[in-house]
Amino acid sequence: MLDTFEILSTSGVVLWSRTYVPVHSYVINSLIREVLIEERTNKVAYGDGTTKPTYRKDGYIMKWNLAKDVGLIFVAVYQSLVHLTWIDKLIDNVSALFTGLYGEQLKGEIDTVKFPFDPYFDREMQRVEASNDASMSSAFEVTSNPEFTPPSSSGTDHGAEEPPPMPGLRKAPQKPIYNPDTSTDATPVPTPDTSRPSTPASRILTGKTRPGGKPSRRDRKVKAAVNSAPASSGDETSARKGKAGGKQKKNRVWNEFGADEEDNTINLDYSTVSANDPADFELPDAINPESWGRTTGKGQFVLKDLDEEMDEIIASVNAKKENSTAAGGIVGSSLGAIGGLFRNVVGGKTLTKEDLEKPLKGMEDHLLKKNVAREAAVRLCDSVERDLIGLKTNSFTTIESTLRTAMERALTKILTPTSSLDLLREITTVTATNRPYVLSIVGVNGVGKSTNLSKIAFFLLQNHHRVLIAAADTFRSGAVEQLRVHVRNLKELSKREGGEVDIFEKGYGKDAANIAADAVTFAKENKYDVVLIDTAGRRHNDARLMSSLEKFAKLAKPDKILMVGEALVGSDAVAQARNFNNSFGAGRGLDGFVISKCDTVGDMVGTLVSMVHATGIPVVFLGVGQHYADLRGLNVGSVCRLLMS
Amino acid sequence: MAWHDADSWLTLAFAPHPGTLALALLVVITLPILLHAYIYRRRAPDSLPTFLLIGPSSAGKTSLLTLLSHGTPSATHTSSTPTAASLALPITTTPASSRYRSNNDPSADRARKFRLLDTPGHGKLRHYALSTLAKTGPGGALKGIIFVLDAAALGEDAGAAEAGEYLHDILLLLQKRHTGNKTSKGPTAIPVLVAANKMDLFTALPESLVKIRLEKAVEEVRKTRGRALKDSGIELSAGDGEEEEREGLADGYEGAFNFKMLEDSDIEVKVAGGSVKGDKGEGADVQEWWGWVGEQL
């Protein structure tokens, strides 16, 4: 069942939450980190368009909704073993409700307000569940009807009320019992739940106290109903009684629901719920009878449900949404057009999809011209669009400039690495444990694997490390000889610096993974600091060639696997990065990219974005020339500037 | 009656008619007021002294913000956007600027107010904090930086490395702000408070150790940065050919890094312990941090 529902602001503050089973906060934290910040799309299972995307973590499933305009995240967490079909609806309704109710307060600086959202959530939960049940069995639709229908006899009332719709017990054979029409005097279903208060006692109108001792909110309501309509005939009493019963039943549904079998601490006991939950109590106290009910012409008192209010709010929020999408008609009139034009210059315009369409198209073309792969460009534009819709432009900024800054921010976010990329530091940490640091390089044919490997070796030698280069490219003729030449040159260059470099080779035709593993053992015995493993180039869409990488990762156990991609490649960059990232078996992926030949593309550095965007893996090095020293770290700011220029 | 007639509205408008004078006077008086109201309506909060909350993820920045703004820390998750809150010093702390003021002085309230800016600590989102810092001019409203860190996580290598790296970047920016200064009068100093949070935890390091660990971590970053590759900034933005000199943190000094080396650049670093959530029974312990904020106001 639902474990936790939380409403939090994007700044991280939990505004409201409902916990049925405590979930450690790292679960939601990882959702925010991996999905919302790092945008790792491979961790998210997207629905078929009608359902929300899901994210799994440690046996939990999370579904969420982002309300960008007010900066809220609505997250529902539940065990991945259960299948809840109504979660999407619940999240949608709750987001509409919450933004509708507290939209004004949310605009403040920081949300110091406590949100008395509990009753609304409870009702919504029941309704969603009930409508779900109704769709499963049409006979059950009485509960889903917010209007109370007077029962034909008190017997039906009992029947309708007795069986608690325990989630665990909601099975097909029990369905008929719920039906008030067919079972006039149903026997209570034997449930494992024993602490449930006996129904007849709780239904007595004088508001008998519950076993827990404290009167529940429902009792108070019933009491208030009696007090506010003192002159009542027997008929009315029974009607009201029925009403109270109907109310009770819904609440019962709720409470039993909370009382999951695994969870005997929360919500099982009425009294503890009321005691723990002051907001639940304050609401009925604060509301005077007129606001929650009205007296009909006959003197009957009709409860005005939260339902009505909630329906109104949801409807108004939805209507607003439709209005904003249909605003084109109004803006189409000349006055609106002039106003829109003016707003565009002066700022303060609320952005809609139509406003953004043209500039976004332009932005996409611009990115494509910068050699960003189409897939990445489209997704970047989409995410920027999602960010911007519903936002107000600042004063004296046009839509275009707003879009520009948003895109720059998105690019910065993508290219900035999550954790430090300090290679030297990692090497120091690893070598302190008496084993060599293993770095291997993979990539498509001819992108410059060996060249970049020797550049990295040169960089490490300058920092006085002992480097062993393993020639694990046993396939292409000349590969070993090429590395030998590199090593000879590097030896010459590093003689004065104090570094030391050697080659580990076993000739051609051998298994690359074994050579790599041997090289690591050899390095360990001879106290090398770093092992650099060169591999054969392979086409990323050739499953036969790629499959050997998995064995390679298992045997050599590299600390870091870098993939070399050339900046010249176009839209193939996405597929290359993705295929290589997935080829090392479960639990192992690439650790970074080396983008070579950056000096040949000028400002068309889109490949960087494509590769990082496809995998969420950072760019570690850039190759910017032919010399050993032409290796650079990535400067995110300058790359963004180049891309946006 | 045509417009050029002696008693037409146009003639009246230019004649020294009392009504015209009154109207002109009204316009002259109200227009500046209206303009002022329109333009400066939203400007007011900017002039409040500002403090920047910076630190690695899950150190307790947002919790601290909620604690300071409404007394109790709320439950929080990883932040993805920055947020700000207007706060006032508690009665028990006196801001440095009103040391000599009477407690009953009504204008003392104004001196207590300040703005706290919370920034996300996630690696990808640090540009919010860094760009705010980079934008601050020589005499900005930024009065100080509160670098929050998890004193318990500092005991582990990974935690120390992350905190050290972030702190290094911040300090380097501050130092660049000082060295890049063009005028003879230096920019207003931005002091740094290292707020060692979660002191209530058993594994938390005490204040003195926090300082030593942090200095060591910054030293490591400083060492590797000095030897690391140049970044691609110059090569890629081709044309200007301007070889930018790389500036390291506390360049002129020999030996291991310590916070005293930064005093030349007018950066004062203070380490103070505290806890936002507090021990189970007792409340939060942020008195020392409040005191520091009071000194800067």
Side-chain angles (χ1 to χ4, degrees), chain A residues 6 8-15 17 25-26 28-33 36-38 71 73 75 109-112 395 409 412-420 422-425 428-429 459 462-463 598-599 602-603 605 621-622 624-625 630-639 641-642 645, chain B residues 39 42 45 57-58 61-63 65-66 68-71 73-87 115-116 118-128 130-131 134 157-158 161-162 164-166 220-221 223-238:
Chain A
E6 290 202 7
L8 47 131
S9 65
T10 48
S11 56
V13 184
V14 178
L15 301 181
S17 72
S25 71
Y26 85 88
I28 293 182
N29 279 351
S30 66
L31 166 79
I32 298 174
R33 274 158 195 265
L36 302 182
I37 297 179
E38 288 162 31
I73 310 170
V75 194
E109 251 190 349
I110 174 123
D111 331 284
T112 51
S395 9
R409 219 182 308 132
T412 312
K413 198 169 100 177
I414 282 177
L415 291 174
T416 311
T418 305
S419 53
S420 159
D422 202 334
L423 189 64
L424 293 175
R425 187 157 188 185
T428 329
T429 339
F459 162 59
Q462 281 186 317
N463 285 300
C598 282
D599 50 331
D603 62 352
V605 287
F621 294 120
L622 298 179
V624 291
D630 287 335
L631 193 66
R632 296 282 179 272
L634 172 71
N635 183 329
V636 177
S638 70
V639 169
R641 239 173 288 131
L642 279 183
S645 64
Chain B
I39 294 172
R42 283 156 188 275
S57 196
S58 74
K61 296 177 295 302
T62 313
S63 285
L65 183 83
T66 56
L68 298 189
S69 67
H70 47 109
S74 322
T76 55
H77 287 296
T78 311
S79 308
S80 43
T81 51
T83 176
S86 294
L87 307 172
R115 202 157 146 263
L116 197 59
D118 178 31
T119 57
H122 188 278
K124 273 185 185 293
L125 299 173
R126 289 188 183 161
H127 60 93
Y128 283 116
L130 299 177
S131 64
D157 284 337
E162 200 192 354
E165 188 174 340
Y166 201 1
E220 264 167 40
V221 179
K223 247 183 359 210
T224 53
R225 284 288 167 83
R227 296 180 313 189
L229 289 168
K230 272 189 246 164
D231 66 25
S232 56
I234 309 138
E235 253 82 6
L236 284 176
S237 50

task: Output all residues satisfying salt bridge (Lys or Arg N to Asp or Glu O under 4.0 Å) with A:R33, sequence neighbours left out; order by chain, then residue number.
output: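 In terms of salt bridge (Lys or Arg N to Asp or Glu O under 4.0 Å), with neighbours along the sequence ignored, A:R33 is linked to no residue.
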- request: Not counting sequence neighbours, which residues clear salt bridge (Lys or Arg N to Asp or Glu O under 4.0 Å) with A:E6? List them please.
  value: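 Partners of A:E6 under the salt bridge (Lys or Arg N to Asp or Glu O under 4.0 Å) test: none.
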Considering only heavy atoms, which portion of [X] lies under 4.5 Å from any heavy atom of chain B: side chain, backbone, both, or neither?
X: A:I37; answer: both
X: A:F621; answer: side chain
X: A:L31; answer: neither
X: A:L8; answer: side chain

message: Can you tell me which portion of B:S80 sits under 4.5 Å from chain A's heavy atoms? Options are side chain, backbone, both or neither.
response: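 For B:S80, heavy atoms of backbone and side chain both lie under 4.5 Å from chain A.
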message: Nearest 0.5 Å, please: how far is CG in A:L36 from CD1 in A:I28?
response: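 These two atoms lie 11.0 Å from each other.
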B:T224 to A:R425 - nearest heavy-atom pair and separation: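 Here B:T224 and A:R425 meet closest at CG2-N, 4.1 Å.
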- request: Look at A:I73, A:T429, A:L424, A:L415 and state which one has the largest set of heavy-atom pairs under 4.5 Å with chain B.
  value: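 Ranked by contacts with chain B, first place is A:L424.
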message: Out of A:T412, A:T428, A:N29, A:L423, return the one with the most heavy atom pairs under 4.5 angstrom to chain B.
response: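 The candidate making the most pairs under 4.5 Å is A:N29.
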field: Full working for side chain to side chain contact (heavy atoms under 4.5 Å, CB included) between A:S9 and B:T83
entry: CA-CA 10 Å; A:S9 65; B:T83 176; over 6 Å; no
message: At a heavy-atom distance under 4.5 Å, which candidate from B:T76, B:D157, B:V221 has the highest pair count against chain A?
response: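 Sorted descending by pairs with chain A, the first entry is B:T76.
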message: What I'd like to find out is whether the side chain of B:S79 reaches to under 4.5 Å of the side chain of B:D118, using heavy atoms alone.
response: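 Of all side-chain heavy-atom pairs linking B:D118 with B:S79, at least one is under 4.5 Å.
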